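All remarks here apply to the structure that follows.
A quick note: this is a predicted structure, and the numbers were derived from the prediction, not measured. Positions are given from 1 along the sequence.
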Amino acid sequence: MSKDDYRIWSNADLDYEEWKDWMEEEYPTLSEDERVAMMYEENGHYLEDERLNLDIQLSQPILVVADLGLWNGRRTGYKEIPSGNIRDCLYSDYDYTTWYVDKSGDLRCDDTHHDGTNHYLYRVYKDNVSQAQKDRLKEKIYNGTATRADIARVTRRLGDEIGKVYGWSFPTRQRERGEAR
């Protein structure tokens, strides 16, 4: 995540010092260790809030393009979120997670676990693409040969819908402007 990205939610860099004054005011009888535990719990509630904020139903499934950090090296992969609802992107089973929209308008996630970090790119299939086009893209992703152009040809970014919720806007790429005509 860079300074130009828009953070949706994270538990990767919680700093008790940033929460301390509020936590001591809200929970004066708790020990510092108990307040730290409450900080993590409260931050978890914020994730639930973001899922409610991003309850946005799309017309197609969401494709998740993964750059996986595994014990034996990096691999590419994919999965689909069949519901097509953006809120369903905000789930993780790993230790530290950050969801954000990058400066190009792509929803992304950095997911850290004991073997490394997974990086996810979330895109929704365009309405006019065929199942054969989807299958070719997934095959390229699986084989590690998919390019940014391959992905953009079959999918579109999610940042525009997310930006409407938070008041963010993203530049329109020349290719996307041409495809919108």
Side-chain angles (χ1 to χ4, degrees), residues 1-15 18-19 22 37-69 76-113 116-129 131 133-135 137-138 141-142 146 148 150-173 176 179-180:
M1 193 174 137
S2 81
K3 66 178 181 65
D4 296 324
D5 297 330
Y6 298 88
R7 182 181 299 212
I8 295 170
W9 183 89
S10 180
N11 67 349
D13 55 3
L14 290 181
D15 181 358
E18 293 176 8
W19 292 65
W22 179 79
M38 289 296 294
M39 173 187 70
Y40 281 99
E41 184 177 327
E42 187 68 27
N43 193 57
H45 294 308
Y46 294 159
L47 177 55
E48 290 301 320
D49 291 344
E50 298 310 335
R51 288 182 184 133
L52 290 172
N53 290 341
L54 296 178
D55 184 6
I56 301 169
Q57 186 61 53
L58 305 171
S59 61
Q60 296 289 326
I62 296 169
L63 177 68
V64 185
V65 181
D67 172 17
L68 303 171
T76 57
Y78 69 88
K79 75 174 187 174
E80 291 181 327
I81 300 174
S83 70
N85 195 304
I86 294 175
R87 73 168 175 242
D88 295 334
C89 297
L90 302 182
Y91 286 92
S92 171
D93 293 327
Y94 293 113
D95 302 326
Y96 299 103
T97 304
T98 301
W99 283 282
Y100 59 98
V101 178
D102 69 17
K103 63 185 175 192
S104 297
D106 278 317
L107 176 60
R108 295 186 175 269
C109 176
D110 298 331
D111 224 357
T112 303
H113 53 90
T117 301
N118 298 340
H119 303 284
Y120 306 121
L121 167 64
Y122 301 84
R123 305 270 297 188
V124 63
Y125 290 114
K126 293 177 180 175
D127 288 332
N128 61 344
V129 299
Q131 188 60 48
Q133 289 173 296
K134 293 175 186 179
D135 291 343
L137 175 59
K138 291 186 286 189
I141 293 167
Y142 182 77
R148 179 71 185 186
D150 293 327
I151 294 168
R153 195 172 8 266
V154 178
T155 67
R156 63 180 175 81
R157 66 188 188 186
L158 298 176
D160 299 304
E161 286 86 357
I162 295 168
K164 290 174 189 173
V165 172
Y166 299 110
W168 304 334
S169 61
F170 304 96
T172 302
R173 291 191 172 137
E176 290 179 13
E179 290 174 350

Is the shortest heavy-atom distance from the side chain of Tyr120 to the side chain of Leu68 under 4.5 Å? yes
Can you tell me how far apart NE2 (His113) and CG (Asp95) are? Round to the nearest 0.5 Å. 8.5 Å
Would one find more than 12 heavy atoms of other residues, nucleotides or ligands at under 6.0 Å from atom OH of Tyr166? yes
Of all residues at least two apart in sequence or in a different chain, which pass the side chain to side chain contact (heavy atoms under 4.5 Å, CB included) check with Val165? Asn53, Leu54, Ile56
Closest contact, heavy atoms only, Gly159 versus Val101: CA-CG1, 4.0 Å
Reported CH2-to-CG distance for the pair Trp168 and Asp160, which is rounded to 0.5 angstrom: 12.5 Å
Applying side chain to side chain contact (heavy atoms under 4.5 Å, CB included) to His119 and Thr117, what does each step give before you reach the verdict? CA-CA 7 Å; His119 303 284; Thr117 301; 3.6 Å; yes
Rounded to the nearest 0.5 Å, what's the gap from CH2 on Trp99 to CD1 on Ile162? Could you check? 12.0 Å
So, for Tyr94 and Thr112, which heavy atoms are closest and what is the spacing to 0.1 Å? CB-O, 3.6 Å
With rounding to the nearest 0.5 Å, note down the distance linking CG in Asn43 to CG in Leu14. 4.5 Å
Out of curiosity, Gln60 CD to Asp127 CG, how far, rounded to the nearest 0.5 Å? 5.0 Å
Check the pair Val129, Leu137 against side chain to side chain contact (heavy atoms under 4.5 Å, CB included), reporting the backbone distance first and the verdict last. CA-CA 11 Å; Val129 299; Leu137 175 59; over 6 Å; no
Applying side-chain hydrogen bond (donor to acceptor under 3.5 Å, both in side chains), run through Tyr125 and Glu80 and close with a yes or a no. CA-CA 10 Å; Tyr125 290 114; Glu80 291 181 327; 2.5 Å; yes
Decide yes or no for Thr76 and Val65: does some side-chain heavy atom of the first lie under 4.5 Å from some side-chain heavy atom of the second? no
Less than 4.5 Å apart, side chain to side chain, heavy atoms only: is that true for Lys138 and Leu63? yes
Indicate yes or no: does Glu161 engage Lys164 in a salt bridge with an N to O separation below 4.0 Å. no
What heavy-atom pair brings Ile141 and Gly77 nearest, and what distance separates the two atoms? CG2-O, 3.2 Å
Among Thr98, Thr97, Asp110, find the one that has a side-chain hydrogen bond (donor to acceptor under 3.5 Å, both in side chains) with Ser10. Thr98
Flag, side chain of Glu50 to backbone of Arg87, donor-acceptor distance under 3.5 Å: no
Looking at every non-hydrogen atom in both residues, tell me the closest pair between Thr155 and Lys126 and how far apart they are. O-CE, 3.0 Å
Minimal heavy-atom distance between Arg123 and Arg148, with the atoms involved, is NH1-NH2, 3.5 Å
Steps toward side chain to side chain contact (heavy atoms under 4.5 Å, CB included) verdict (Tyr122, Ile81): CA-CA 9 Å; Tyr122 301 84; Ile81 300 174; 4.2 Å; yes
Apply side chain to side chain contact (heavy atoms under 4.5 Å, CB included) to His45 and Glu41, showing your working. CA-CA 7 Å; His45 294 308; Glu41 184 177 327; 3.9 Å; yes
Considering all heavy atoms of both residues, which atom of Phe170 and which atom of Asp102 are nearest to each other, and what is their separation? CE2-O, 3.5 Å
4.5 Å side-chain heavy-atom contact, Trp9 and Asp49: no
To the nearest 0.5 Å, what is the distance between CE on Met39 and CG on Asp15? 7.5 Å
